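For the single chain, residues carry numbers from 1 onward in sequence order. The structure presented is a predicted model; accordingly, all values stated were derived computationally and were not measured.
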Amino acid sequence: YQKALRGEKLTTEEIEGYQTVILLTLGKAYHRLGIAMQLHYSCLRNNNERIFKRMGPDTGVDAIAQNTCGGNIAQFLSALDLAGQCPRTILYSLNPADNAQLGTLIGCFQDSSIPGKIQHGSAWWFNDTKSGMEEQMKSLANLGLLGNFIGMLTDSRSFLSYARHDYFRRILCNLIGNWVENGEYPNIDSSLKKIVEGISCNNAKRYFNI
């Protein structure tokens, strides 16, 4: 930190070491304060230099990245867990190829404090589509517990994005309905109602203490 203040060149190891300390400190603070932590990764930013120079960031020249940080995330959560200070955590990758890894990783750090303490976050950005949402939920259902899923996130910067919640709920109900019609899930109204209402609203209320 002092080297950076002096304008000296930092090594990748020094930069990542500083970032790790910051994340660990924040994670422990989130645990102490009862705040949920969200981690998003695998975004390749500002790819078109000409447009970026002319228009700046967030102008449509971002893409999906291929990162291999699952092991680092596991070590990060393990360090917080070892200290007894792992907060509720939601993990998102912009790369759908990471779905299976996240689906298995979240199972490594669950505990009895709250159902679904570590979450595989909903499909977002380029995956915020019918097929993208279905792929994420199918992966979660295969490798985790779909009934504890807290559902779709909201882009607080865009009021119009709230419509995605209705879109998400329709896709969710259609997905589960197809499983029932195919004989892959029991056709029990009370059970189906609990799952759908949970993913659509109740799980998030419990998770965020609303």
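- Side-chain atoms of Q136 come within 3.5 Å of backbone atoms of H120 as a donor-acceptor pair (strictly under, hydrogens ignored).
- Here I171 contributes atom CD1 and M152 contributes atom CE; the two are 7.5 Å apart, rounded to the nearest 0.5 Å.
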Atom pairs and distances, donor-acceptor, side-chain atoms in residues 124-135, under 3.5 Å, two or more places apart:
| unit_1 | atom_1 | unit_2 | atom_2 | d |
| --- | --- | --- | --- | --- |
| W124 | NE1 | S93 | O | 3.4 |
| N127 | ND2 | L94 | O | 2.8 |
| D128 | OD2 | R164 | NH1 | 3.3 |
| T129 | OG1 | G132 | N | 3.0 |
| K130 | NZ | E134 | OE2 | 3.1 |

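- For the atom pair F52 CZ and D58 CG, the distance stands at 9.5 Å (nearest 0.5 Å).
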Determine all donor-acceptor pairs shorter than 3.5 Å in which one atom belongs to a side chain in residues 24-42; sequence neighbours excluded.
| unit_1 | atom_1 | unit_2 | atom_2 | d |
| --- | --- | --- | --- | --- |
| T25 | OG1 | V21 | O | 2.8 |
| Q38 | OE1 | Y92 | OH | 2.6 |

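- Remark: E49 pairs with K53 by the salt bridge (charged side-chain N to carboxylate O under 4.0 Å, His left out) rule, at least two apart or across chains.
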I'd like a table of donor-acceptor pairs (distance under 3.5 Å, sequence neighbours excluded) in which one partner is a side-chain atom from residues 183-191, with atom names and distances.
| unit_1 | atom_1 | unit_2 | atom_2 | d |
| --- | --- | --- | --- | --- |
| Y185 | OH | S191 | OG | 2.9 |

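- For the salt bridge (charged side-chain N to carboxylate O under 4.0 Å, His left out) test, residues two or more places apart in sequence or in another chain that qualify with E8 are R6.
- For the pair N148 (side chain) and P115 (backbone), a donor-acceptor distance under 3.5 Å is absent.
- In this structure, CD in E181 is found 8.5 Å from CG in N174, a value given to the nearest 0.5 Å.
- The same ILVMFWY cluster, assembled from side-chain heavy atoms under 4.5 Å apart, contains both L91 and I22.
- In this structure, N47 and A63 approach most closely via the heavy-atom pair ND2-N, 3.4 Å.
- Ring geometry for Y1 against Y18 counts as parallel: the plane angle stays under 30°, on a 0 to 90° scale with 60° as the upper cut.
- Note that CG of L146 and CG of N142 are 10.0 Å apart. Values are rounded to the nearest 0.5 Å.
- For the side chain to side chain contact (heavy atoms under 4.5 Å, CB included) test, residues two or more places apart in sequence or in another chain that qualify with F109 are L77, S78, D81, L105, I118.
- A donor-acceptor distance shorter than 3.5 angstrom exists from the side chain of Q119 to the backbone of I150, with no hydrogens or angles considered.
- For the atom pair CG of L143 and CD1 of I106, the computed distance is 8.5 Å after rounding to the nearest 0.5 Å.
- Across all their heavy atoms, F168 and G151 have their closest contact at CZ-CA, 3.8 Å.
- Among pairs with a residue in residues 100-113, those fulfilling side-chain hydrogen bond (donor to acceptor under 3.5 Å, both in side chains) read D111-S113, D111-K117, at least two apart in sequence or across chains.
- Under the 4.5 angstrom side-chain criterion for Ile, Leu, Val, Met, Phe, Trp and Tyr, the cluster partners of I15 are L10.
- The nearest pair of heavy atoms linking R206 to I114 is O-CD1, 3.7 Å.
- Every residue meeting the side chain to side chain contact (heavy atoms under 4.5 Å, CB included) condition with N202, not counting sequence neighbours, appears here in chain and number order: E197, K205.
- In this structure, the side chain to side chain contact (heavy atoms under 4.5 Å, CB included) partners of R170, at least two apart in sequence or on a different chain, are D166.
- In this structure, T59 contributes its side chain and G56 its backbone to a donor-acceptor pair below 3.5 Å.
- We find the CD1-SG distance between I199 and C173 to be 9.0 Å, quoted to the nearest 0.5 Å.
- At a threshold of 4.5 Å between side-chain heavy atoms, the hydrophobic network of Ile, Leu, Val, Met, Phe, Trp and Tyr places V61 and I64 in two separate groups.
- Residue pairs meeting the salt bridge (Lys or Arg N to Asp or Glu O under 4.0 Å) criterion with at least one partner in residues 61-74, sequence neighbours excluded, are R45-D62.
- Taking the salt bridge (charged side-chain N to carboxylate O under 4.0 Å, His left out) definition, one finds that E14 meets it with K3, sequence neighbours left out.
- Under the 4.5 Å side-chain heavy-atom criterion for grouping Ile, Leu, Val, Met, Phe, Trp and Tyr, I195 is not connected to L145 through any hydrophobic cluster.
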